[in-house]
Amino acid sequence: MKQFQYMRPTKQKAATDAVAKDPTALFIAGGTNLIDLMKREVMQPEKLVDINMLPLKKIEQRNGSVRIGALVSNSAVAEDRLIVEKFPLLSQALVSGASAQLRNMATVGGNMMQRTRCYYFYDTALPCNKREPGSGCGAIEGINDQHAIFGFSENCIAVNPSDMSVALAALDATVLLSGPKGERRIPFIDFHRLPGDQPEVDTNLMRGELIVAVDVPESPYAQNAHYLKVRERASFAFALVSVAAALDIQNNTIQSARLAMGGVAHKPWRLFDAEKALAGKPVSEESFWQAAEVAMRGAKAFEHNAFKLKLAPNSIVQALKTAAGIA
Amino acid sequence: MTKERMTQVKMGDPLSRVESLLKVTGGAKYAAEYNLPNEAIGVLATSTIARGRIKNIDTREAERAPGVVAVVTHENAPEIPGYSASVDNEGSRVYGQEFRLFFDGTIYHNYQPIALVIADTFARADQAATLLKVTYEEESHDTDVRNSLDKAFKPERHDDYSRGEAGAYKSAPVKIEQEYQTPIQVHNPMEPHVTTAVWEGDNKVTVYNKTQATKISQKEIAKSFELDEENVRAYSPFVGGAFGSSSRVWPQEMAAIMGAKVTGRPVQVVLKRNQVFNMVGYRPRSVQKFSIGATTDGTLTGITHDAYGSTSQYEQFTERLLDPTKTMYSCPNLDSRYKLVRLDMSTPCWTRGPGETSGSFALESAMDELAYALNMDPLALRLKNYAEKDPENDKPWSSNYLMECYEQGAERFGWSKRNPEPRSMREGDWLIGMGMASGIYKAARDRAVVRAKLSPDGSLLVQSAVADTGPGSATIFTQIAADVMGTAIENTRFEWGDSTLPYAPGQFGSHTTASVGSAVYEVCTALKQRLQQLATGTASAAMQQAGPDELVFENGTMGLKDRSASLSYGEILKQQNLPQLEVIKESEGGPLLDEYSSKSFCANFVEVRVHAATGEVRINKVVSAVDAGKIMNYKTAESQVYGSVVWGIGIALMEEGKIDHRFGRHVNNDLEKYHVPISADVPEVDVILINKPDPVVDPMGAKGIGEIPLIGFTAAVANAVYHATGKRIRELPITPAKLV
């Protein structure tokens with residue numbers, strides 16, 4: 001690990017200024033991913049700006065939404081009464097991630113900022129355009145069992161590893177940012193980006209910008225929501241495929257649906273077309289299979305992840321059935 | 001003060017580990033925790049190519065980095081006399097040229113250590129290691145055994161085995177011909193490999209290392225550095241798991257010793273997790289072509305087994321892939337071959353149930369396939385082909401309670417409720433499957449020496465160089481000593497894990513209890529005889545004349561059975577004015593061992609559930625019935641079975657060292673990407689211990705238990721998955737990708 005400077009400001013402005021002014025500086029909150037990356041010399045910040053002293057640790061009921069501070073721990077969000085009641089999808093997604101110990105350390109903002117777990121990203125002796133632009137993508141012709149089937153580019157086929165982000169993408173959340181140029185809000189689904197020809201850039205965050213909070217709007221999806229995570233072991237593993245499914249059902253008819261997948265793309269993969277296909281349909285396995293078919297349009301696999309072409313639609317149907325209570 | 005407890009224990013009692021208090025309070029010191037005065041820390045830098053030569057290694061920047069004491073490479077490493085000696089294929093445990101650290105610029109495998117950066121702190125050494133600039137002359141490499149079977153050769157230390165007619169399965173009315181594969185499995189003990197080395201002068205060195213065999217460490221280090229064995233001390237009382245990976249001397253030991261020599265300071269070297277994957281051994285991938293035939297009533301008529309393993313470019317590592325096939329079932333015709341492929345990887349190493357674990361996956365999967373082809377119950381097929389004596393050599397079993405394992409295991413599991421039809425059992429979205437498999441593993445015994453010291457206060461100290469890497473050997477030996485001597489457990493102490501103590505073999509191969517336990521038993525028996533000889537005075541005359549059956553040794557006293565006379569051990573020593581009574585005893589198995597075939601046996605029954613939509617496999621229930629002879633400690637024995645089951649679940653469902661063969665480099669070499677079972681993967685495990693003594697192997701009646709429950713286990717899982725889904729998975733691990 002490379003040596004680094006460390007500071008722990010108590011004012012938000014001091015924190016954002018410190019990172020804005022220094023291109024080698026990074027924020028650190030729970031550090032559950034960043035420290036690992038530093039140990040393996042994948043990321044080598046020269047300065048860490050610890051934001052844990054900032055007052056961003058509250059969950060608040062606001063008019064028409066719930067605001068979750070960026071520094072609230074993953075376990076605190078998962079267990080929060082408001083969240084469990086209004087957004088069980090988010091709570092389930094969080095609980096499915098990592099381990100209890102990691103969830104106690106990891107924060108909402110940090111979870112959004114975690115990097116891919118692609119094998120090639122983690123080994124500095126192997127090519128990876130995300131870690132070292134121009135070095136090539138090791139995974140495209142290498143071991144790509146964990147990799148993307150949607151939205152990839154010839155430069156990168158890595159997937160975003162977060163469960164929380166999949167739920168927040170489905171729930172139409174908004175991200176609050178604060179930076180040198182003031183505050184701004186962006187839709188959660190626009191926070192992460194596709195790799196294109198700049199796979200080294202994971203998000204649309206600008207230098208010095210800090211995630212302050214996430215707003216989750218009230219919605220009619222609390223009754224029929226399910227987060228399905230498929231993985232090789234029962235816990236403490238990243239998703240092969242995950243599905244966030246939420247339905248507004250009235251008289252056995254789907255009024256509207258929210259659907260997103262994890263483990264399939266460089267960002268949480270919101271399935272707008274499948275949501276439209278579900279609207280107005282009766283609750284039935286047939287409706288769900290139709291939606292899954294729509295969802296899978298454009299999917300393309302590599303040598304080792306072809307199973308996702310079958311696992312993903314199966315998982316969509318399974319998640320929808322569970323959400324609808326017909327599993 | 002509370003009243004002092006005096007507890008009499010017997011062999012078999014579920015005694016808690018003697019070192020448990022130290023372990024749970026942090027009082028147990030592991031090899032990285034000695035913090036010797038002036039200790040420096042070394043970090044190994046490793047190669048980024050799989051084969052070739054180091055063209056140049058520029059250490060200047062690293063040497064200038066803060067805190068750096070020295071950088072050792074092949075260009076400046078101290079000369080290791082043993083490295084230049086001719087290869088000793090008589091005395092070595094693995095055939096070939098051992099890996100020589102920093103010997104020359106040749107690269108044999110990826111992650112090969114190429115430099116040791118030593119600094120005053122770990123952080124500084126670690127940072128300086130990133131400043132090395134290395135250029136290579138790269139050569140093309142091969143790390144894929146599956147694609148190189150045509151290059152396989154018969155290893156020097158292996159004889160192919162056959163009986164009856166070769167290829168006899170071909171003419172059988174019912175036959176199975178299949179290929180099975182098992183992946184690279186990495187031991188991944190919790191404690192990474194570590195050594196702290198300190199020299200006293202030029203010819204005496206102490207290593208605080210993580211080892212399963214202090215005597216092997218001592219001998220190999222002495223040989224490499226041309227030192228007298230008594231001038232090398234390997235000290236290793238606590239080991240955080242090893243599973244075979246600490247049964248040799250590895251680069252971190254050699255690096256620490258070299259580093260300490262170069263700097264004149266104690267040097268500690270700890271491997272990083274990603275270095276543990278291709279530097280300190282692993283279970284090699286296996287490819288097995290397995291064919292088996294039977295008559296329509298299920299009588300086996302022929303087996304042909306061709307197994308392929310892999311080794312490094314410099315040694316020939318062999319393991320016993322064929323052993324279960326040779327001995328598990330009665331079958332008149334059998335031909336088997338075992339070949340190795342040389343790869344550009346480090347030498348594999350014995351891994352819990354070495355060979356047998358991989359080999360039994362093929363054998364026990366094929367038996368299940370054969371049962372289906374015969375339309376026969378898989379358990380009935382095994383009963384039908386039960387071997388009344390060892391079919392490999394026609395020797396009688398020293399003991400064999402496999403039938404009891406089948407019977408009690410099936411009963412407890414509810415095997416009779418199984419509907420044999422695949423995909424016939426279901427609970428909601430989950431398909432339910434039941435599978436079983438048998439296991440067999442050698443019950444060996446080796447030479448061991450133990451010293452016992454009795455003090456006038458009646459306390460007993462028993463000593464052996466043996467390691468206790470976690471199974472509870474020290475507890476069992478304390479227990480044997482206390483039982484044989486009749487000393488209270490509080491008065492009985494066992495000392496271990498130090499090469500200065502009397503000779504013990506390595507703690508591997510499931511033979512520690514039989515080897516060292518026998519020596520403990522015999523030294524205590526000899527000590528009792530000495531006490532009888534020494535006893536004097538009026539009360540003692542009758543005792544001296546007494547035959548062994550008329551004397552009792554209990555509660556720290558020797559007495560006549562009719563209680564007409566007794567003397568405490570302390571009194572006997574005081575009578576003779578002895579400050580201590582010491583007996584040393586060497587023990588090894590008698591000629592009887594050769595007349596019998598000694599094995600442990602097991603039958604594993606597994607219920608799985610497989611999600612119909614996602615292909616996820618979870619284990620519902622395990623019943624593991626084990627014949628390991630007399631059980632020496634019910635608690636530690638059950639834990640050994642639990643451990644084997646957890647290992648079996650790992651190999652069956654998730655563990656796989658993945659290599660990108662283009663680079664010859666492991667890609668999932670951390671515990672996030674290399675999955676081992678976590679608590680939620682392990683269901684209730686029902687352990688049945690048959691607990692009947694073996695009359696031949698050792699005086700206690702014990703056979704080994706550390707590995708037997710793992711043998712066949714992965715096949716029991718695969719067989720259950722087949723029963724659940726109708727899909728036969730012949731390449732482990734069984735992941736959702738293979739089932740969805």
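Just so you know, these numbers use all the heavy atoms, side chains as well, and skip hydrogens, waters and symmetry mates. Sequence lines set the chain letters: A, B, ... in the order given, protein chains first and strands last, and positions in each chain run from 1.
- The part of A:R40 that comes within reach of chain B is its side chain, from C-beta onward, which places non-hydrogen atoms under 4.5 angstrom from that chain.
- Residue B:T614 touches chain A through both its backbone and its side chain, counting heavy-atom pairs closer than 4.5 Å.
- Contact annotation for B:I619: neither backbone nor side-chain heavy atoms come within less than 4.5 Å of a heavy atom of chain A.
- Taking all atoms of both residues into account, the shortest heavy-atom contact from B:A613 to A:Q318 is CB-OE1, 3.7 Å.
- Annotation: maximal heavy-atom pairing with chain B below 4.5 Å, among A:E141, A:H304, A:K2, occurs at A:E141.
- Contact count versus chain A (heavy atoms, under 4.5 Å) is highest, among B:T48, B:I678, B:D126, for B:I678.
- With hydrogens and angles disregarded, a donor-acceptor distance shorter than 3.5 Å links the side chain of B:E616 to the backbone of A:R231.
- Proximity of A:L126 to B:D660: side-chain heavy atoms (C-beta onward) are nowhere separated by under 4.5 Å.
- For chain A, the option among B:L653, B:D681, B:L739, B:V617 with the highest count of heavy-atom pairs below 4.5 Å is B:D681.
- Counted within 6.0 Å of CZ on A:R8, heavy atoms from surrounding residues, nucleotides or ligands total 12 or fewer; the atom is thus considered open.
- For B:H666, the part lying under 4.5 angstrom from a heavy atom of chain A is the backbone only.
- Only the backbone of B:I659 comes within less than 4.5 Å of a heavy atom in chain A; its side chain stays farther off.
- Counting heavy atoms from C-beta on, the side chains of B:K272 and A:K39 never come closer than 4.5 Å.
- For B:D429, the part sitting under 4.5 Å from any heavy atom of chain A is the side chain, from C-beta outward, and nothing else.
- A donor-acceptor contact shorter than 3.5 Å is absent between the side chain of A:E232 and the backbone of B:T735.
- A cation-pi arrangement is present between B:K673 and A:Y122 under the rule of less than 6.0 angstrom and at most 45 degrees off the ring axis.
- No more than 12 heavy atoms of other residues, nucleotides or ligands lie within 6.0 Å of CD in A:E154, so this atom counts as exposed by the packing criterion.
- Only the side chain of A:D145 comes within less than 4.5 Å of a heavy atom in chain B; its backbone stays farther off.
- Interface remark: A:L240 contributes side-chain atoms only to the contact with chain B (heavy atom separation under 4.5 Å).
- Contact of B:N274 with chain A is made through the side chain alone, with heavy-atom distances under 4.5 Å.
- Rounding to the nearest 0.5 Å places CD of B:Q127 at 10.5 Å from CZ of A:F4.
- A heavy-atom distance below 4.5 Å is not found between the side chains of A:K308 and B:V740.
- In this structure, the portion of A:E41 lying under 4.5 Å from any heavy atom of chain B is its side chain and not its backbone.
- Side-chain atoms of B:H611 and A:V230, non-hydrogen and from C-beta on, never get closer than 4.5 Å to each other.
- Between B:F663 atom CZ and A:I143 atom CD1 the span is 10.5 Å, to the nearest 0.5 Å.
- For A:Q146, the part lying near chain B is the side chain, with the backbone staying farther off; criterion is any non-hydrogen pair under 4.5 Å.
- Contacts between A:K321 and chain B at a heavy-atom distance below 4.5 Å involve the side chain alone, from C-beta outward.
- Taking all atoms of both residues into account, the shortest heavy-atom contact from B:R662 to A:G142 is NH2-CA, 3.2 Å.
- Rounded to the nearest 0.5 angstrom, A:Q3 CD and B:T130 OG1 are separated by 9.5 Å.
- With a 4.5 angstrom heavy-atom cutoff, B:V43 does not touch chain A via any of its atoms.
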